[in-house]
J.: 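Dropping a structure here in structure tokens format, bear with me for questions.
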Amino acid sequence: MELEFCAPCLFGLEGPAGNELRHMGLKNVRAEDGRVYFTGTERDMAAANIKSRFAERVLIVVGRTEAKDFDSLFEGVRAMEWEKYIPRTGAFPVKGYTHRSAITSLPALQRSINKAVAARLGRAYGLERLPETGETYQIQFALVSDKATLYIDTTGAGLHKRGYRPAQVEAPIRETLAAALVDIAGYRGKGDFCDPFCGGGTVAIEAALAAKNRAPGINRTFAAESWKNIRADWNDVREEARGREFDRDYTVFASDIDPEAVEIAKKNARRAGVDKLIRFSVADAGKFALSTNGGIIVTNPPYGERLLDIRAAREIISAFGKAVRARPGWRVNIISSDPELERYFGARAAKVRKLYNGMIKCGYFMF
Ligand SMILES: C[S@@+](CC[C@H](N)C(=O)[O-])C[C@H]1O[C@@H](n2cnc3c(N)ncnc32)[C@H](O)[C@@H]1O
């Protein structure tokens with residue numbers, strides 16, 4: 001069956017997310033602010049979930065409707081073919097957001113959409129009350145400028161949850177963002193790679209996964225795997241993805257000044273199955289001394305949230321800048337919320353991309 005999908009992603013990652021979906025052979029890929037639309041089959045749904053490095057989740061687009069008031073919303077939602085997706089016993093909780101629209105109350109919107117879907121399904125199945133005892137079909141809505149788009153989530157826990165990072169360190173970067181930083185920097189498994197402020201190792205692990213061409217979702221499950229009406233051979237997609245892995249030698253370095261962080265990073269890498277690809281060490285990035293014939297650094301140094309910390313963070317960046325410039329051959333890429341990063345690093349970036357790390361507005365400084 002040909003379906004329309006929407007893959008939300010972090011703001012600023014629409015380009016990489018669109019490109020990877022195109023690369024998977026998906027059709028009608030169209031990027032908007034914070035999301036990428038595409039069309040495909042049930043198998044494409046499984047492939048996008050298992051293989052995407054940059055998307056946050058994969059939603060089925062059920063329909064769109066005008067929603068200036070509750071009546072038009074209810075009628076529009078009831079007219080959608082919910083029975084195509086949700087079986088007789090399916091549970092269908094509703095959540096979403098509203099923006100620049102006449103209807104602003106989220107609980108009222110949830111209730112109205114829930115009633116409209118229940119009315120449609122009740123009629124389709126000849127039931128007055130739906131049991132909702134089966135698997136979950138999480139309905140999502142986006143009400144923007146009085147137009148509602150209705151989705152069902154195929155993913156479950158967000159795609160950034162690869163399954164390798166239960167151990168927490170301070171200020172970890174989201175896996176999807178780390179993967180995109182590696183991609184934007186142009187690392188494809190050739191030459192050296194290094195993260196000298198590695199924390200829990202996310203950037204280095206994502207670099208190693210990308211180098212090996214390992215599908216990031218290969219070891220986890222997804223909401224749509226238990227669905228009855230929309231089915232795909234998920235294990236076949238996993239097998240196919242496994243068959244596309246590379247097994248070469250890679251040189252990925254990861255270090256941090258904090259020995260505890262390095263221990264956690266090692267454990268995370270082991271869980272991700274890439275510990276043999278990464279050389280971990282405890283080291284001060286202010287004394288960076290790795291030589292290379294050509295390598296890429298992608299790193300997420302401390303930003304310093306409070307004033308005192310900002311001064312300390314800038315001192316660290318100054319020392320790192322001096323040390324890394326004395327070691328030519330490295331292309332340095334830094335994500336930071338400090339607008340004056342270039343001044344303290346001691347060079348002008350060739351390019352600065354605007355990104356968000358969680359709620360923090362950042363620049364990706366590419367030297
Ligand atoms: C924002 S965190 C990195 C988080 C990491 N990207 C992750 O996902 O877990 C910054 C890291 O820089 C480390 N750090 C601070 N000063 C350092 C220095 N002089 N040399 C190396 N690492 C340092 C901290 O220990 C911390 O783990």
J.: Treating Asn268 as the side-chain partner and Gly200 as the backbone partner, does any N or O pair qualify as donor plus acceptor under 3.5 Å?
T.: yes

J.: Treating Glu135 as the side-chain partner and Trp227 as the backbone partner, does any N or O pair qualify as donor plus acceptor under 3.5 Å?
T.: no

J.: Between Arg35 and Glu32, is there a salt bridge with N-O shorter than 4.0 Å?
T.: no

J.: Using links of under 4.5 Å between side-chain heavy atoms of ILVMFWY residues, direct or through other members, which residues join Val144 in one cluster?
T.: Tyr97

J.: Check this for me, if you would: do Arg188 and Asp183 make a salt bridge, where the nitrogen-to-carboxylate-oxygen distance has to be below 4.0 angstrom?
T.: yes

J.: Hey, does the side chain of Thr154 reach the backbone of Val58 with a donor-acceptor pair shorter than 3.5 angstrom?
T.: yes

J.: Tell me the closest heavy-atom pair linking Ala48 and Phe38, and the distance in Å.
T.: CB-CZ, 4.0 Å

J.: Are more than 12 heavy atoms, taken from residues, nucleotides or ligands other than Lys266, located less than 6.0 Å from that residue's NZ atom?
T.: yes

J.: Applying ring pair (Phe, Tyr, Trp, His ring centres under 6.0 Å), which residue pairs with at least one partner in residues 329-352 are found, sequence neighbours left out?
T.: Phe288-Trp330, Phe345-Phe367

J.: Under 4.5 Å between side-chain heavy atoms, hopping through other hydrophobics if needed: is there a path connecting Leu159 to Ile152?
T.: yes

J.: Assess whether side chain to side chain contact (heavy atoms under 4.5 Å, CB included) is satisfied between Thr149 and Phe141, documenting all intermediate values.
T.: CA-CA 6 Å; Thr149 309; Phe141 65 85; over 6 Å; no

J.: What I want to find out is whether Arg43 reaches Asp236 closely enough, with some N-O distance under 4.0 Å, to be called a salt bridge.
T.: yes

J.: Of Asp153, Thr155, Asn49, which is the lone residue that meets side-chain hydrogen bond (donor to acceptor under 3.5 Å, both in side chains) with Arg57?
T.: Asp153

J.: Test side chain to side chain contact (heavy atoms under 4.5 Å, CB included) on Leu181 and Asn333 and set out the steps.
T.: CA-CA 8 Å; Leu181 297 181; Asn333 303 276; over 6 Å; no

J.: For Arg331, is the CZ atom crowded, meaning more than 12 foreign heavy atoms sit under 6.0 Å from it?
T.: no

J.: Hey, any chance Leu10 and Val36 share a hydrophobic cluster, counting ILVMFWY side chains that come within less than 4.5 Å of each other, even indirectly?
T.: no

J.: Please write out which residues are connected to Val61 in a hydrophobic cluster, directly or through intermediates, given that two of Ile, Leu, Val, Met, Phe, Trp, Tyr count as joined at side-chain heavy-atom separations below 4.5 angstrom.
T.: Tyr37, Leu59, Tyr151

J.: Using the side-chain hydrogen bond (donor to acceptor under 3.5 Å, both in side chains) criterion, which residues pair with Tyr250? Sequence neighbours excluded.
T.: none

J.: Could Arg311 and Glu315 be called an ion pair, given the rule that one side-chain N must be under 4.0 Å from one carboxylate O?
T.: no

J.: Taking the six-membered ring for Trp and the full ring for Phe, Tyr or His, determine whether the centres of Phe92 and Tyr137 are under 6.0 Å apart.
T.: no

J.: Any donor-acceptor pair under 3.5 Å linking the side chain of Glu20 with the backbone of Phe54?
T.: yes

J.: Can you pull out every side-chain hydrogen bond (donor to acceptor under 3.5 Å, both in side chains) where at least one residue sits in residues 119-132? Sequence neighbours excluded, please.
T.: Glu83-Arg120

J.: List the steps and the verdict of ring pair (Phe, Tyr, Trp, His ring centres under 6.0 Å) for Phe193 and Tyr187.
T.: CA-CA 8 Å; Phe193 183 93; Tyr187 179 67; 4.8 Å; yes

J.: List the atom of Ser101, the atom of Thr104, and the distance in Å for their closest heavy-atom pair.
T.: O-CG2, 3.7 Å

J.: Could you name each residue pair satisfying side-chain hydrogen bond (donor to acceptor under 3.5 Å, both in side chains) that touches residues 5-16, not counting sequence neighbours?
T.: none

J.: Please report the closest heavy-atom contact between Ile230 and Glu42, naming both atoms and the distance.
T.: CG2-CG, 3.7 Å

J.: Same cluster or not: are Val182 and Phe253 linked, directly or through other Ile, Leu, Val, Met, Phe, Trp or Tyr residues, by side-chain heavy atoms under 4.5 angstrom apart?
T.: no

J.: Where do Phe74 and Ala119 come nearest, in terms of heavy atoms and distance?
T.: CZ-CB, 4.2 Å

J.: When you look at OH of Tyr356, are more than 12 heavy atoms from neighbouring residues, nucleotides or ligands closer to it than 6.0 Å?
T.: no

J.: For Arg165 and Thr202, test the side chains for any donor-to-acceptor distance below 3.5 angstrom and give the result as yes or no.
T.: yes

J.: Give the minimum heavy-atom separation between Arg100 and Ser145, together with the two atoms involved.
T.: NH1-OG, 2.9 Å

J.: Let me check something: do Ile50 and Leu209 share a hydrophobic cluster, defined by ILVMFWY side-chain heavy atoms less than 4.5 Å apart, either directly or through other members?
T.: no

J.: In terms of hydrophobic clustering (I, L, V, M, F, W, Y; side-chain heavy atoms under 4.5 Å; direct or indirect links), are Leu290 and Ile316 co-clustered?
T.: yes

J.: Donor-acceptor check, side chain of Trp82 to backbone of Ala124, threshold 3.5 angstrom: yes or no?
T.: no

J.: Would you find a donor on one side and an acceptor on the other, under 3.5 Å apart, between the side chain of Ser112 and the backbone of Ala108?
T.: no

J.: For residues 277-286, which residue pairs pass the side-chain hydrogen bond (donor to acceptor under 3.5 Å, both in side chains) check, not counting sequence neighbours?
T.: none

J.: Please tabulate, for side-chain N and O atoms in residues 292-303, each donor-acceptor pair with protein atoms closer than 3.5 Å (sequence neighbours left out).
T.:
residue : atom : partner : partner atom : Å
Thr292  : OG1  : Asp192  : OD2          : 2.8
Thr292  : OG1  : Gly294  : N            : 3.0
Thr292  : OG1  : Gly294  : O            : 3.3
Thr299  : OG1  : Asp195  : OD1          : 2.6
Thr299  : OG1  : Phe197  : N            : 3.4
Asn300  : ND2  : Tyr303  : OH           : 3.0
Tyr303  : OH   : Asn357  : ND2          : 3.1

J.: Can you check whether Ala118's main-chain N or O pairs, donor with acceptor, with Arg78's side chain at less than 3.5 Å?
T.: no

J.: By salt bridge (charged side-chain N to carboxylate O under 4.0 Å, His left out), which residues pair with Lys68, not counting sequence neighbours?
T.: Glu66

J.: Does CD in Glu81 sit with more than 12 non-hydrogen atoms of other residues, nucleotides or ligands closer than 6.0 Å?
T.: no

J.: Does either side chain, that of Arg22 or that of Asn19, offer a donor lying less than 3.5 Å from an acceptor on the other one?
T.: yes

J.: Indicate the atoms forming the closest heavy-atom contact of Gly199 with Asp256, along with that distance.
T.: N-OD2, 2.8 Å

J.: Should Lys51 and Glu240 be marked as a salt bridge (charged side-chain N to carboxylate O under 4.0 Å, His left out) after you check the CA-CA gap, both sets of side-chain angles, and the distance that decides it?
T.: CA-CA 11 Å; Lys51 296 183 191 173; Glu240 187 245 357; 3.1 Å; yes

J.: Can you confirm whether the side chains of Thr41 and Glu2 place a donor and an acceptor under 3.5 Å from each other?
T.: no

J.: Excluding sequence neighbours, so at least two apart, what forms side-chain hydrogen bond (donor to acceptor under 3.5 Å, both in side chains) with Arg248?
T.: none

J.: Can Glu4 and Arg64 be counted as an ion pair, charged N to O under 4.0 angstrom?
T.: yes

J.: May I ask you to decide whether Arg162 forms a salt bridge with Glu175, counting only side-chain N to carboxylate O separations under 4.0 Å?
T.: no

J.: What pairs with Glu340 under side-chain hydrogen bond (donor to acceptor under 3.5 Å, both in side chains), at least two apart in sequence or on another chain?
T.: Arg343

J.: Only counting residues at least two apart or in another chain, list the ones meeting salt bridge (charged side-chain N to carboxylate O under 4.0 Å, His left out) with Lys351.
T.: none

J.: For Arg244, is the CZ atom crowded, meaning more than 12 foreign heavy atoms sit under 6.0 Å from it?
T.: no

J.: Check whether any side-chain N or O of Asn213 sits under 3.5 Å from a backbone N or O of Phe246 as a donor-acceptor pair, and report yes or no.
T.: no

J.: Does the distance from a Lys or Arg side-chain N to an Asp or Glu carboxylate O, for Arg242 and Glu239, drop under 4.0 Å?
T.: yes

